[in-house]
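Report on one structure; see the data block that follows.
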Amino acid sequence: MSTDTNATRSPTLEMVAAEAGVSRATVSRVVNGSPKVTAEVTAIVNDAIARLNYVPNRVARSLASRRTDVIALIVPESTSTVFADPFFAPVVRGVARALSDTDYTLNLLIASETRPQKTRRYLLGGNVDGALVVSHHAEDHSYVGLGSKLPIVFGGRPINPETFDSYFVDVDNVHSARTATEHLLSLGRRNLATIAGRQDMPAGIDRLAGWRESVRAAGLDASLTEIGDFSQSSGAEAMERLLARGEPIDAVFVANDQMAAGAIQLLQARGFSVPGDVAVVGYDDDTFASTLTPPLTTIHQPSVDFGATMAELLVRLIAGEEVPRRTLIPTRLILRASA
């Protein structure tokens, strides 16, 4: 009794070639997306692939092309920060959206706080085709120089001189902070304070710089400054320190919405009305902004587009295309009831 071996065997490249009436090499070129095959022959081969339910051997393809079809998203933060901060989730959604129509698989790596070299070894070990790095810090040198060995796109401008030639996506934090501050000035507020973000991160540095530029341009005192770490509790603590100075404050620009939430709660607990006594503007337009009482006036940072743009640039970079080293995503002021 004869058996149909094709019925029990997984389809092979040779079987697809026989079905399509072309060479094995031609099928391989089609599977690997080579532009050297005509559209007519590509259609014939793809029809044969569909009829046989052929699935390319990704391991073999990887060995032959030295490609993994994997992109790493690196977040050099603690696990608690990543899952508590509403900034990261939409960035990941944006990255996933941009990669959904590609062959790339996304690996999320929360980098070790104590052993960053472990992540570096992974990246250079042939495990990924490229990497996205979000939320990097001044003291974090684990990715410096990797751009010469692996395609990398950073989220946020480089802070270390060694990475000034990196590819990065960012918003204009200085301009956005000026926009927020000038809105407070337009309301007639003249005793302005700020709760700045971490000064080892570009966003913290640039948003403080923008606030200072606008306050000084208005001929006002720019000394009412406290620093937080972008967490809600640090916003409350920084607001407490500002009030303890005993100087009049009628407006506060806060470097992110989480700290703004903490600041507003502290102000209200101390008997100040928002915005009656103190107007508050935040930054990010995340879930904190619309759920606060009063709802928060803030700078909208399009985090989903931020992540998608990073991923799109990296895919093009891996493909050998020329891409801009500096890409800025526009922001806008969202007016609500806090200012």
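Everything quoted here is computed from the prediction, not taken from an experiment. Just so it is clear, the values below take in all heavy atoms, side chains as well, and ignore hydrogens, waters and symmetry mates.
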Inset, instruction - Flag the pair V280 / T297 as yes when at least one side-chain heavy-atom distance between them is below 4.5 Å, and no otherwise. - result: no

Inset, instruction - For D221 and S223, work out which heavy atoms get closest and say how close. - result: OD2-OG, 2.7 Å

Inset, instruction - Mind running side chain to side chain contact (heavy atoms under 4.5 Å, CB included) on E226 and E240 for me, showing each step along the way? - result: CA-CA 10 Å; E226 289 291 341; E240 183 81 86; over 6 Å; no

Legend entry - salt_bridge(R316, E322) N-O dist < 4.0 Å: no

Inset, instruction - Answer yes when D206 and R178 have at least one side-chain N-carboxylate O distance shorter than 4.0 Å, and no when they do not. - result: no

Inset, instruction - Answer yes or no: are there more than 12 heavy-atom neighbours, outside E321 itself, under 6.0 Å from its atom CD? - result: yes

Legend entry - Any side-chain heavy-atom pair of V133 and I152 under 4.5 Å: yes

Legend entry - Side-chain donor or acceptor of D257 paired with backbone N/O of Y283 under 3.5 Å: yes

Legend entry - Donor-acceptor contact present, side-chain E19 to main-chain L52, <3.5 Å: no

Legend entry - Value rounded to 0.5 Å, distance of CD1 in I49 from CD1 in I44: 12.0 Å

Legend entry - S303 side chain vs V91 backbone, donor-acceptor pair below 3.5 Å: no

Legend entry - pair Y104-D129: side-chain heavy atoms closer than 4.5 Å: yes

Inset, instruction - Ignoring hydrogens and angles, tell me if any N or O in the side chain of S166 forms a donor-acceptor pair with the backbone of F168 under 3.5 Å. - result: no

Legend entry - Distance-only donor-acceptor check, side chains S23 and T26, under 3.5 Å: yes

Legend entry - Transitive ILVMFWY side-chain link L13 to V41, under 4.5 Å: yes

Inset, instruction - Could you go through the side chain to side chain contact (heavy atoms under 4.5 Å, CB included) check for T105 and D69 one step at a time? - result: CA-CA 6 Å; T105 298; D69 287 337; 5.9 Å; no

Legend entry - Atom of R326, atom of L328 and distance for their closest heavy-atom approach: NH2-CD1, 3.3 Å

Inset, instruction - Please name the pair of heavy atoms, one in T287 and one in P86, separated by the smallest distance, quoted to 0.1 Å. - result: OG1-CB, 3.8 Å

Legend entry - Expected output: side-chain N46 to main-chain T42 donor-acceptor under 3.5 Å: yes

Inset, instruction - Any chance you could measure I195, atom CD1, to F253, atom CZ, to the nearest 0.5 Å? - result: 10.5 Å

Inset, instruction - Report whether L108 and V315 are members of the same hydrophobic cluster (ILVMFWY, side-chain heavy atoms less than 4.5 Å apart, transitive linking). - result: yes

Legend entry - Cluster overlap L243 with I264, hydrophobic side-chain contacts below 4.5 Å: yes

Legend entry - T331 versus Q301, side-chain donor and acceptor atoms under 3.5 Å: no

Legend entry - Check: V254 and V281 side chains under 4.5 Å, non-hydrogen atoms: no

Inset, instruction - Using atom types as modelled and distance alone, determine if a side-chain donor or acceptor of T179 lies under 3.5 Å from a backbone N or O of H175. - result: yes

Legend entry - L313 side chain near Y167 side chain, heavy-atom distance below 4.5 Å: no

Legend entry - Heavy-atom closest pair, residues L106 and L73: CD1-CB, 3.9 Å

Legend entry - Shortest non-hydrogen contact from L314 toward P151: CD1-O, 3.5 Å

Inset, instruction - Look at atom CZ of R332 and say whether more than 12 heavy atoms of other residues, nucleotides or ligands are closer to it than 6.0 Å. - result: no

Legend entry - Gap between atom NE2 of H300 and atom CG of L333 - 0.5 Å precision: 12.0 Å

Legend entry - Sub-4.5 Å side-chain heavy-atom contact between T327 and D170: no

Inset, instruction - Decide whether L224 and F272 are clustered together by the hydrophobic rule: side chain heavy atoms of Ile, Leu, Val, Met, Phe, Trp, Tyr closer than 4.5 Å, transitively. - result: yes

Inset, instruction - First locate atom CG of N256, then atom CG of D286, and finally report the distance between them rounded to the nearest 0.5 Å. - result: 7.0 Å

Legend entry - Within one Ile-Leu-Val-Met-Phe-Trp-Tyr cluster: L266 and L242, side-chain cutoff 4.5 Å: yes

Inset, instruction - Flag the pair D305 and R97 as a salt bridge only when some basic side-chain nitrogen lies within less than 4.0 angstrom of an acidic carboxylate oxygen. - result: yes

Inset, instruction - Taking the side chain as every heavy atom from C-beta outward, state whether F230 and M259 have any pair of such atoms under 4.5 Å apart. - result: yes

Inset, instruction - Would you name the heavy atoms of R336 and A289 that are closest together and state the gap between them? - result: NH1-CB, 3.5 Å

Inset, instruction - Please answer whether the main-chain N or O of A255 pairs with a side-chain N or O of R207 as donor and acceptor at a distance below 3.5 Å. - result: yes

Legend entry - Sidechain-backbone polar pair: D250 side chain, R190 backbone, donor-acceptor under 3.5 Å: yes

Inset, instruction - Working to the nearest 0.5 Å, report the span between CG of N173 and CE of M201. - result: 10.5 Å

Inset, instruction - Would you mind reporting whether S290 and P295 have side-chain heavy atoms less than 4.5 Å apart? - result: no

Legend entry - Stepwise side chain to side chain contact (heavy atoms under 4.5 Å, CB included) check, V70 with N127: CA-CA 7 Å; V70 174; N127 299 294; over 6 Å; no

Legend entry - Exam field: side chain S234 to backbone D229, donor-acceptor pair closer than 3.5 Å: yes

Inset, instruction - Please confirm whether the backbone N or O of A25 pairs with a side-chain atom of S28, one donor and one acceptor, at under 3.5 Å? - result: no

Inset, instruction - Could you walk me through whether R157 and D172 pass salt bridge (charged side-chain N to carboxylate O under 4.0 Å, His left out), step by step? - result: CA-CA 10 Å; R157 71 166 178 83; D172 190 336; over 6 Å; no

Inset, instruction - Supply the atom-to-atom distance L150 CG to L317 CG, rounded to the nearest 0.5 angstrom. - result: 9.5 Å

Legend entry - Stepwise side chain to side chain contact (heavy atoms under 4.5 Å, CB included) test for Y122 and L109: CA-CA 10 Å; Y122 176 81; L109 301 178; 3.6 Å; yes

